[in-house]
Protein chains: 2
Amino acid sequence: MTPTPDSDLQLLTQAALFDGLTEAQLHTIQQHATLVRVPRRTFFFHQGEAATTFYLLREGQVRLSQINPEGKQVIIHLFGPGDVLAVIVVLSNAPYPLSAEAITDCVAWAWNRETAVHLMEQCPRLAINGMDMVAGRFLELQNRYRELSTERVEQRVARALIRLIHQRNGYQEQKPYPLLSLTRQDLAEMTGTTLYTVSRICSSWEQQGLLEAGREQLHIHKLEELTTIADDLRPSPPNFPPRPN
Amino acid sequence: MTPTPDSDLQLLTQAALFDGLTEAQLHTIQQHATLVRVPRRTFFFHQGEAATTFYLLREGQVRLSQINPEGKQVIIHLFGPGDVLAVIVVLSNAPYPLSAEAITDCVAWAWNRETAVHLMEQCPRLAINGMDMVAGRFLELQNRYRELSTERVEQRVARALIRLIHQRNGYQEQKPYPLLSLTRQDLAEMTGTTLYTVSRICSSWEQQGLLEAGREQLHIHKLEELTTIADDLRPSPPNFPPRPN
DNA sequence: TTGTGTCTTTGCGCCAGCGCAATGAACGGA
DNA sequence: TCCGTTCATTGCGCTGGCGCAAAGACACAA
């Protein structure tokens, strides 16, 4: 942890989390912020530790994952710059329910529990903004939950890729699509399936020219086709022929 | 909607949502509250409608569910007295992402969007309390998501029943366990499986004496045994014999 | 260059769970 | 009391997806 230089404070005030706050409030927030650097493959925090700090991510990418008693890992979310980590959990002083790992080198602002609560009590607007950001995550999780329980694997993988592209692109349709760096295993843990199945699906898509698959990377060519697959409602109907190729 | 009688206002102030507020704040909140009655099998709101109101449930049970484009329904949560409905979504003025149906006759307090935002800006404590309640739901959803992607159907059904009992009991271990009123279909939609599979599982459990199954109701006898099933990690190991009966 | 570790692909066997279909059981209205 | 409706059960066949195993492909270090 190092004291935050002035130049960074400028950036901080632009974050969505601090939208609509007064100059004075921003100043207080800045005073209590510390800047942390978390290198690739190390952790912001581990599942089960006491939740003492919350973060606002400035640079890098973070993987939020949960491990079940059996040792299987599940990827709950991937974060990018501007996202907040552990806002909710830091209020109730429960342990972190999951782990946050830097998948690239990261820079983030951090506040500890006490200041967080204190700040929110001072600036209701901050609490509301926080809630708003949580709301977005909540909705996404709800949708993924629904998908997981109603859709087939292929659809879920397609959706995951679409989401990743949108996240990188900020929802503007721009070609060529950015290159995604993740392992088949990652993708499996994001969609509730196995490494093998993801591999098979990617191979098949590659043959159809939808994407190029490499080691730890996927390069999407035809996002529209993926959308078609994701939205294709075909619950393996018992009487239909297995669709003509 | 009817104006709220004084006797009800007493009750309102005891809700967890309003913990730690001042008399004056409570008074304002009361002034803006209206009392609504929602009969069994009717809806608080439907998925897709504009989110105009948020609710604090006083009596009854509410089913939160989402329907996917294909028409399949997924039960996200069951609410009981003291729970809040639609806190998050009412802040961002998005449409309701899911539907809320009264499964028994319900009584609830309601506030509209503008007052909700206004109140939270006035009382930060209210925003924090709201966030805290959302946090609990969030954690539960995360866990269910993990379970859905890593556990077998039997375990998930067991967990669902355990959760329902705890919810009714307020986490105190008391026998005989309360009687659960829900259809096999409901249970299937809560655990991401089918009516048939749930029925088979219940039959098997009934034979083992874990519970009594009736039309739209389940009476649990041995909750501990269910816990054993839920926590039994046995990922269908390829080399182990299929466990001796 | 060779080795070592990590990531990927793919054939193959297998089974948990799906979904139909047919039957049975309980409820409620007239 | 009878009938229509909704809910539950269970046999049966089938398949989507799992997971092993074995073999490539690539990256990095020595």
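In what follows, every chain begins at residue 1, and chains take the letters A, B, ... in the order their sequences are listed. All of these numbers come straight from a predicted model, not from anything done at the bench.
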B/R215 side chain, from C-beta outward: closest of C/dT9, C/dA25, C/dT8 |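 Nearest to the side-chain atoms of B/R215, counting from C-beta on, is C/dA25.
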
Remember a base hit wins even if backbone is also touched, and classify B/R184 as base, sugar-phosphate or nothing at under 4.0 Å, heavy atoms.
->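 It contacts sugar-phosphate atoms only.
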
Select base, sugar-phosphate, or nothing to describe what B/S199 touches, counting heavy atoms under 4.0 Å on all strands.
->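 Base, at least one base heavy atom under 4.0 Å.
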
Would you say [N] has OP1 or OP2 under 4.0 Å from some side-chain N or O of [X]?
X: B/T193; N: C/dC18; value: yes
X: B/T194; N: C/dC18; value: yes
X: A/T197; N: D/dG17; value: no

Interatomic distance where [atom1] belongs to [X] and [atom2] belongs to [N] [whole Å]:
X: B/Y196; N: C/dT23; atom1: OH; atom2: C1'; answer: 13 Å
X: B/E216; N: D/dT9; atom1: CD; atom2: C1'; answer: 16 Å
X: B/I201; N: D/dT9; atom1: CD1; atom2: P; answer: 12 Å
X: B/Q185; N: D/dA8; atom1: CD; atom2: C1'; answer: 12 Å

Member of B/Q167, B/R40, B/E101, B/R168 meeting the side chain to side chain donor-acceptor pair (under 3.5 Å) criterion with B/Q61 |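 Only one of B/Q167, B/R40, B/E101, B/R168 forms a side chain to side chain donor-acceptor pair (under 3.5 Å) with B/Q61, namely B/R168.
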
5'-most contact on DNA chain C: A/Q217 or A/R200, nearest heavy atom basis?
->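 With A/Q217 and A/R200 compared, the 5'-side residue is A/Q217.
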
For residues 74-88 of chain B, which side-chain N or O atoms pair as donor and acceptor with protein atoms under 3.5 Å away, sequence neighbours left out?
residue, atom, partner, partner atom, Å
B/H77, ND1, B/E140, OE1, 3.3
B/D83, OD2, B/G80, N, 2.9

Basic-acidic side-chain contact under 4.0 Å: B/E151, B/R159 =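 B/R159 and B/E151: salt-bridged.
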
Is the A/Y145-B/Y145 ring centre distance short of 6.0 angstrom?
->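 Ring centres of B/Y145 and A/Y145 not closer than 6.0 Å.
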
